[in-house]
Amino acid sequence: MRNFTSVKDIPDLKKVVDAAFEIKKDRFAFQHLGKNKTMVLIFFNPSLRTRLSTQKAAMNLGMNTMVMNVSEDGWQLESELGVVMDGDKPEHLLEAIPVIGKYCDVIGVRSFAKFQNRDDDYSEKILSQFIDYAGVPVVSMEGATRHPLQSYADLVTIEEFKKKERPKVVLTWAPHPRALPQAVPNSFVEWMRETDYELVVTHPEGYELAPEFMGDVKVEYDQKKAFEGADFIYAKNWASYSSYGQILSKDFGWTVNEEKMALTNDARFMHCLPVRRNVIVADGVLDSPSSIVVEQAANREITAQAVLKMILENNR
Ligand SMILES: NCCC[C@H](NC(=O)CCC(=O)O)C(=O)O
Ligand SMILES: NC(=O)OP(=O)(O)O
């Protein structure tokens with residue numbers, strides 16, 4: 001594996017789950033791999049978990065890390081090709097990316113969907129320029145259409161907490177005041193489809209995810225029906241794909257609450273965080289023993305480390 005931007009970069013899903021559990025046993029056993037290696041983490045958008053867990057993962061492997069919030073600390077970067085740069089952006093990605101690549105051995109990039117143009121977002125315009133011009137391996141720390149470090153941690157968390165071989169996993173849309181990207185749900189579905197779990201997606205009409213991610217995954221428009229017998233409830237808001245970037249509903253009838261959780265098979269509650277309390281999910285669920293959101297976030301360190309370990313081993 002050179003770059004990590006989707007589940008398709010993973011050669012064998014079972015092996016990477018085992019690799020994560022191996023790291024969990026002793027996360028400092030591979031310090032020799034990263035000695036004198038540097039990771040640069042570039043953020044076009046805010047972060048708490050990805051920033052800290054990926055840095056920690058790199059440090060566990062003996063790497064040095066440098067973090068840059070491009071939107072605040074650096075020159076504003078132009079990404080359009082062939083433009084006359086007489087506006088507010090002093091530097092082009094075409095120079096910035098290879099320069100960053102000269103200072104490090106691995107680059108992590110976070111660049112969310114901009115919601116200006118669906119084709120630009122779904123072609124991963126920024127992330128693919130990093131892959132083309134960096135000269136070193138690139139790890140997605142949430143692109144426009146996927147959040148693979150999150151999904152890998154989600155999978156490991158389900159493996160840790162599942163009580164039956166083939167759990168029923170439900171991805172439910174929930175309301176939110178802002179338009180959020182489809183990266184987390186797309187990616188979650190993409191990873192879950194590689195397992196033999198029973199996967200059901202539930203959302204209001206108009207919130208269908210891109211067909212390339214959904215394939216033949218079952219959509220149940222009745223949220224309560226979807227919750228019946230579920231072993232895991234994964235909540236997330238996303239903006240519409242078909243009416244691209246639009247908020248079609250803020251219906252609090254979709255908030256995950258105790259009454260709905262009672263329909264499940266004593267399900268565990270998951271969310272990638274940050275989560276808006278009493279909008280996405282009621283306090284009563286988030287503060288109950290069924291919530292595993294903190295354990296899920298803790299696994300971000302483990303799976304980021306597993307990814308970096310694979311990259312360091314393969315690019316020696
Ligand atoms: N990295 C995990 C989620 C990041 C982002 N959430 C957010 O932007 C939430 C912001 C807010 O709640 O206002 C998303 O949905 O893709
Ligand atoms: N879940 C997640 O990626 O969190 P951050 O946006 O805080 O990094």
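Remember, it's 1-based here, ligands and their atoms both numbered in the order they're listed.
- Nearest heavy atom pair, residue Gly215 against residue Arg193, reads N-NH1, 3.5 Å.
- Using a 4.0 Å heavy-atom criterion, the residues that approach ligand 2 are Ser47, Leu48, Arg49, Thr50, Arg110, His147, Gln150, Cys272, Leu273, Arg300.
- Each of Trp254, Tyr241, Tyr221 was checked for a ring-ring contact (aromatic ring centres under 6.0 Å, His included) with His203, and the lone residue meeting it is Tyr221.
- Under 3.5 Å, the side chains of Thr50 and Arg110 contain a donor-acceptor pair of N or O atoms.
- Annotation: ligand 1 has protein neighbours Arg110, Phe112, Glu142, His147, His176, Arg178, Leu180, Pro181, Lys236, Cys272, Leu273, Arg276, each with a heavy atom less than 4.0 angstrom from the ligand.
- A donor-acceptor pair shorter than 3.5 Å can be found between the side chains of Asn299 and Thr157.
- Salt-bridge annotation for Glu259 and Lys224: present, with a side-chain N of the basic residue lying under 4.0 Å from a carboxylate O of the acidic one.
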Compile the donor-acceptor pairs under 3.5 Å between side chains in residues 274-287 and protein atoms, sequence neighbours left out, one pair per line.
unit_1	atom_1	unit_2	atom_2	d
Arg276	NE	His176	NE2	3.4
Arg277	NH1	Asp283	OD1	2.8
Arg277	NH1	Asp287	OD1	3.3
Arg277	NH1	Asp287	OD2	3.2
Arg277	NH2	Asp287	OD1	2.9
Asn278	OD1	Asp283	N	2.9
Asn278	ND2	Asp283	OD1	3.3
Asn278	ND2	Asp283	OD2	3.1

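- Comment: Glu228 does not engage Lys168 in a salt bridge, judged by the lack of any side-chain N to carboxylate O separation of less than 4.0 angstrom.
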Below 3.5 Å, can you tabulate the donor-acceptor pairs from side chains in residues 29-44 to any protein atom, sequence neighbours excluded?
unit_1	atom_1	unit_2	atom_2	d
Gln31	NE2	Asn60	O	3.0

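- The environment of CD in Glu212 is crowded: more than 12 heavy-atom neighbours from other residues, nucleotides or ligands sit within 6.0 Å.
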